[in-house]
Amino acid sequence: MSSFVLGFQYVDKTKLSFVGGKGANLGELSQIEGIRVPDGFCISTEAFKRIIGETSSINELLDQLSHLKVEDRHKIGELSGEIRSFIEGITIPQDINEEIARHLSRLGEKNAYAVRSSATAEDLPTASFAGQQDTYLNIIGKEAILKHISKCWASLFTERAVIYRLQNGFDHRKVHLSVVVQKMVFPQVAGILFTADPVTSNRKVLSIDASFGLGEAMVRGIVNTDIYKVCNGKVIDKKISTKKLAIYALKDGGTKEQEIDPEQQNWQALTDEQILQLERIGRTIEAHFGSPQDIEWCLVDDTFYIVQSRPITTLFPIPKTSDRENHVYVSVGHNQMMTDAMKPLGLSFFLLMTHAPMHTAGGRLFVDVTATLASPVSRETVLNVTLGKSDPLMKDALTTILERGDFIKSLPDDRSSGKSGKGRSPADFQTLNDYDPAIVADLIQQSQTSTDALKQTIQTKSGSDLFDFILEDIQQLKKTNADSQSFGVLMTGMNASSWINEKMNEWLGEKNAADTLSQSAPNNITSEMGLALLDVADAIRPYPEVIEYLQQVKEDNFLGELVKLEGGQEAQNAIATFLHKYGMRCVGEIDLTRTRWSENPTTLVPMILSNIKNFEPGESERKFEQGQQSALKKEQELLERLKQLPDGEQKSEETKRMIRLIRNFIGYREYPKYGIVNRYFVYKQALLKEAEQLVQANVIHEKEDIYYLTFEELREVVCTNKLDYHIISKRKDDYKFYEKLTPPRIITSDGEIIAGKYKRENFLDEAIVGLPVSTGVIEGRARVILNMEDANLEDGDILVTSFTDPSWTPLFVSIKGLVTEVGGLMTHGAVIAREYGISAVVGVENATKLIKDGQRIRVNGTEGYVEILY
């Protein structure tokens with residue numbers, strides 16, 4: 001068998017590096033019983049490499065291309081054009097030419113062929129590269145075929161292909177091209193078959209696009225297609241389009257566009273029987289490849305031919321379960337304000353911390369709420385208290401699933417027995433206890449004492465003992481967080497806030513009154529952090545030499561260098577004091593593997609410099625005092641208005657009590673997470689010491705490799721000093737893929753993504769709707785910021801971003817409005833926005849795409865919408 005030309009019968013998935021993704025998949029398809037594939041052969045990547053390797057001028061151009069970036073469009077166009085011209089002008093070596101001729105002779109030299117590019121980084125599970133290289137149809141004659149083989153090789157360097165590789169991190173020199181030469185079939189109908197619905201991602205629904213003639217019309221987008229949806233042997237939906245054009249093959253080669261007779265334009269392209277036949281073919285191919293497929297098909301004289309199959313790379317993975325029952329999963333990241341992918345060690349720590357039935361998929365965490373939704377009492381709690389109040393989009397999505405009636409089996413109503421499934425009963429969430437306010441300080445002190453003890457004791461642990469100790473400490477932490485007093489204080493503050501909002505709206509027609517009453521509430525560890533960084537700015541502001549130095553800082557060792565400057569010791573002390581209390585925080589802090597501020601203090605420098613630029617000395621005290629005064633003024637106003645109502649004195653007294661509960665306890669809402677993150681950093685530092693020993697023993701290459709192992713896997717590696725490093729490499733690749741995925745709020749065990757909707761009553765058509773979480777209406781400049789490190793805010797800007805967690809709090813001191821794509825009433829961004837008196841709307845779908853950086857916008861944090869002014 002030649003290393004340059006291989007017939008389909010000699011090709012399978014093991015030949016990917018020789019024949020590329022398309023070629024390998026066609027070889028696999030040819031071997032599936034019952035699947036018809038037009039015969040053909042592949043010119044291997046060895047032929048391509050030989051030609052490139054023998055042409056020094058191309059290698060020089062590739063060197064230049066490797067130094068370009070996506071934004072260098074003009075230079076990319078020039079260089080890629082030169083490379084294509086060189087490749088198309090190369091004469092194919094005689095031995096390769098002869099092999100191609102032999103295969104054409106076997107298949108019939110006078111037949112028409114499709115000549116198709118097949119790259120080694122194409123039709124892969126994590127990158128489709130669909131449409132990046134060229135395909136030529138109805139090519140007749142050996143010389144024409146050879147010419148188009150060269151054109152396919154050259155198409156590896158089209159401008160779009162080069163840019164796609166740059167965007168996806170592929171090295172131009174490591175992507176090689178094979179060419180598929182395949183006998184043409186001339187279909188009456190052609191199309192694409194997705195074995196999972198590309199719109200909803202439902203793996204049980206198969207979607208078919210069909211139109212008359214060659215499938216090229218669909219690829220070019222010149223024709224509307226019929227769309228059929230099929231599920232379990234039934235056609236469940238049809239959209240019959242008007243098909244005015246088709247592309248057909250010409251007798252002497254090439255293709256042409258042709259108008260379809262008017263009376264045929266609205267015919268159904270496939271019969272129902274053919275649709276179901278195609279479903280069976282699709283499921284057979286999917287079963288062979290083991291994943292949902294994007295399949296190209298042709299119908300010729302009532303026979304279906306398959307001309308390509310590739311993985312669908314855009315689907316979000318489904319959480320795995322051991323049964324075949326229906327399940328509904330809710331995203332943890334949307335509640336935790338961190339929807340980025342997490343590394344395996346971070347995921348496993350979160351799983352150790354939780355009591356909930358949790359699963360991982362696509363590097364994210366999901367809670368299985370099926371049992372909760374099946375119980376009438378716990379269902380009501382989820383829909384109207386826990387998720388429903390905080391995230392209307394989740395509530396709407398879950399309601400959609402329940403209204404179907406057949407996806408979740410409802411249990412008998414268990415109200416009379418006093419049971420409420422596995423969750424807490426609704427009554428638990430009406431906690432409004434008159435604790436002594438000193439209880440908050442006591443709880444905080446207990447947490448700090450416990451953390452200090454942990455820091456001392458963990459230094460004495462190593463090896464297996466360390467892992468046992470961490471597990472035991474996590475169990476104690478879980479008990480502490482579930483402590484009735486801690487939980488009671490937390491829920492009292494939250495429920496008092498809900499009571500105020502509900503009653504003030506009912507009695508006075510005022511929405512979200514608790515937002516103002518929450519401003520500058522004491523004991524909020526996260527809002528105090530933002531103010532503390534203002535104090536750091538005050539300590540540095542008097543020293544111009546330090547400020548100038550910080551403006552140039554890039555390395556993490558800058559703290560040690562500061563002492564050489566006038567005022568450097570004061571600056572170092574201020575930053576060190578801040579890091580001592582808050583250095584364990586960072587963006588995405590629920591993932592233990594994320595880099596903490598203490599590990600990378602340069603992260604704080606832009607925020608410190610921004611505070612110096614935007615504010616005068618003493619700003620932290622002023623902001624806190626302003627918040628207190630706003631809250632006091634709102635309290636007095638509400639009580640005065642209530643006294644004018646029937647039963648006014650009683651309503652005023654009840655309200656006064658609730659305001660007191662808010663002021664005393666709402667700040668504690670942020671502390672339990674701070675305590676968890678504090679301990680996370682202690683665990684992480686201890687595990688990194690073990691990682692150092694693994695590096696020294698050549699078990700891993702770098703300390704951070706341990707992030708790609710689960711907690712139990714890491715324990716095993718530490719105990720045995722053995723590891724198959726391919727696991728690390730594979731998981732690093734997986735993580736890169738997961739980073740590109742957008743996690744859904746709700747996903748089912750069928751893979752269906754249910755997107756909730758806001759009710760749009762009372763909103764202007766052009767308004768962008770979200771969830772109101774911090775009252776007020778403000779206008780200002782939108783700053784669309786995806787990474788906190790890139791923030792360049794001025795006092796009064798409106799921050800527009802995907803999500804915020806506590807690490808973003810220092811930026812909140814500069815803004816007057818907040819818009820996020822993710823969030824709920826009690827997520828951190830919402831809590832701190834209320835604390836600082838910032839108008840905020842969260843859960844705004846695609847906010848960072850709909851709003852452009854620098855636009856002037858109006859944020860209505862009372863009603864829950866955003867308007868683009870200009």
Side-chain angles (χ1 to χ4, degrees), residues 167 314 316 330-343 346 362-366 390-394 397 526 585-591 594-595 603 606-607 673 735-747 753 755-756 758 768-774 781-793 797-812 814-815 817-833 838-855 857 859 861 864-866 868:
Q167 290 170 331
T314 55
F316 196 88
V330 172
S331 165
V332 173
H334 283 78
N335 284 291
Q336 289 290 332
M337 296 291 275
M338 209 293 276
T339 56
D340 290 346
M342 295 171 65
K343 297 185 180 78
R364 276 80 171 185
L365 292 154
F366 293 86
S390 66
D391 193 329
L393 293 176
M394 281 191 177
T526 306
R585 310 216 87 153
C586 66
V587 173
E589 63 190 10
I590 64 170
D591 182 353
R594 288 292 188 102
T595 303
T603 304
M607 291 183 278
K673 185 178 182 184
Y735 179 72
K736 286 179 185 175
F737 173 56
Y738 295 153
E739 280 185 301
K740 298 173 187 175
L741 297 177
T742 300
R745 279 179 166 81
I746 307 290
I747 188 171
I753 293 171
Y758 289 108
I768 306 170
V769 182
L771 176 68
V773 295
S774 187
R781 179 180 66 157
R783 294 310 316 272
V784 180
I785 296 169
L786 300 181
N787 298 303
M788 192 182 75
E789 293 81 2
D790 300 332
N792 181 19
L793 294 165
D797 281 345
I798 297 170
L799 173 62
V800 181
T801 189
S802 303
F803 59 82
T804 64
D805 61 10
S807 69
W808 287 69
T809 302
L811 298 182
F812 283 28
S814 296
I815 62 175
L818 174 69
V819 180
T820 67
E821 294 178 336
V822 175
L825 273 171
M826 295 311 298
T827 47
H828 304 281
V831 171
I832 303 306
I838 297 167
S839 298
V841 180
V842 303
V844 180
E845 296 274 80
N846 297 313
T848 59
K849 296 182 179 69
L850 295 172
I851 301 169
K852 306 300 181 190
D853 187 55
Q855 284 183 319
I857 63 174
V859 176
Y865 63 90
V866 181
I868 298 174

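Below, each value reflects all heavy atoms present in this structure, side chains not excepted, and no hydrogens, waters or symmetry copies.
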Name the residue from Ile747, Thr742, Ile746 that meets the side-chain contact (heavy atoms from CB on, under 4.5 Å) definition with Ile753.
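Passing option: Ile747.
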
Only one of Leu799, Val800, Ile798 forms a side-chain contact (heavy atoms from CB on, under 4.5 Å) with Ile815, so which one is it?
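Filter result, single survivor: Leu799.
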
Can you tell me how far the CD1 atom of Ile857 sits from the CG atom of Leu850, to the nearest 0.5 Å?
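Answer rounded to 0.5 Å: 11.0 Å.
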
Let me see the working for Thr603 and Met788 under side-chain contact (heavy atoms from CB on, under 4.5 Å), right down to the final yes or no.
CA-CA 9 Å; Thr603 304; Met788 192 182 75; 3.9 Å; yes

Could you check whether Glu821 and Thr848, counting side-chain N and O atoms only, form a donor-acceptor pair closer than 3.5 Å?
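Yes, because at least one side-chain N or O of Thr848 sits under 3.5 Å from a partner of the opposite role on Glu821.
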
Minimum heavy-atom distance between Asp805 and Gly588, given as atom pair plus value
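Smallest heavy-atom distance, with atoms named: OD2-N, 2.6 Å.
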
Donor-acceptor pair, [X] side chain versus [Y] backbone, under 3.5 Å?
X	Y	answer
Ser839	Gly817	no
Asp391	Gly824	no
Ser774	Ile838	yes

Before you tell me yes or no, could you show the steps for Phe803 and Thr827 under side-chain contact (heavy atoms from CB on, under 4.5 Å), namely the whole-Å CA-CA distance, both residues' side-chain angles and the distance that decides it to 0.1 Å?
CA-CA 10 Å; Phe803 59 82; Thr827 47; over 6 Å; no

Residues two or more places apart in sequence or in another chain: which of them pass ring-ring contact (aromatic ring centres under 6.0 Å, His included) with Tyr738?
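Partners of Tyr738 by the ring-ring contact (aromatic ring centres under 6.0 Å, His included) criterion come out as none, since no residue qualifies.
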
Flag the pair Ile851 / Val866 as yes when at least one side-chain heavy-atom distance between them is below 4.5 Å, and no otherwise.
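Yes, side chains in contact.
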
Could you give the side-chain donor-acceptor pairs of residues 334-342 under 3.5 Å, partners two or more places apart or in another chain?
| residue | atom | partner | partner atom | Å |
| --- | --- | --- | --- | --- |
| His334 | ND1 | Ser331 | OG | 2.7 |
| Asn335 | ND2 | Ser331 | O | 3.3 |
| Asp340 | OD2 | Arg594 | NH2 | 3.0 |

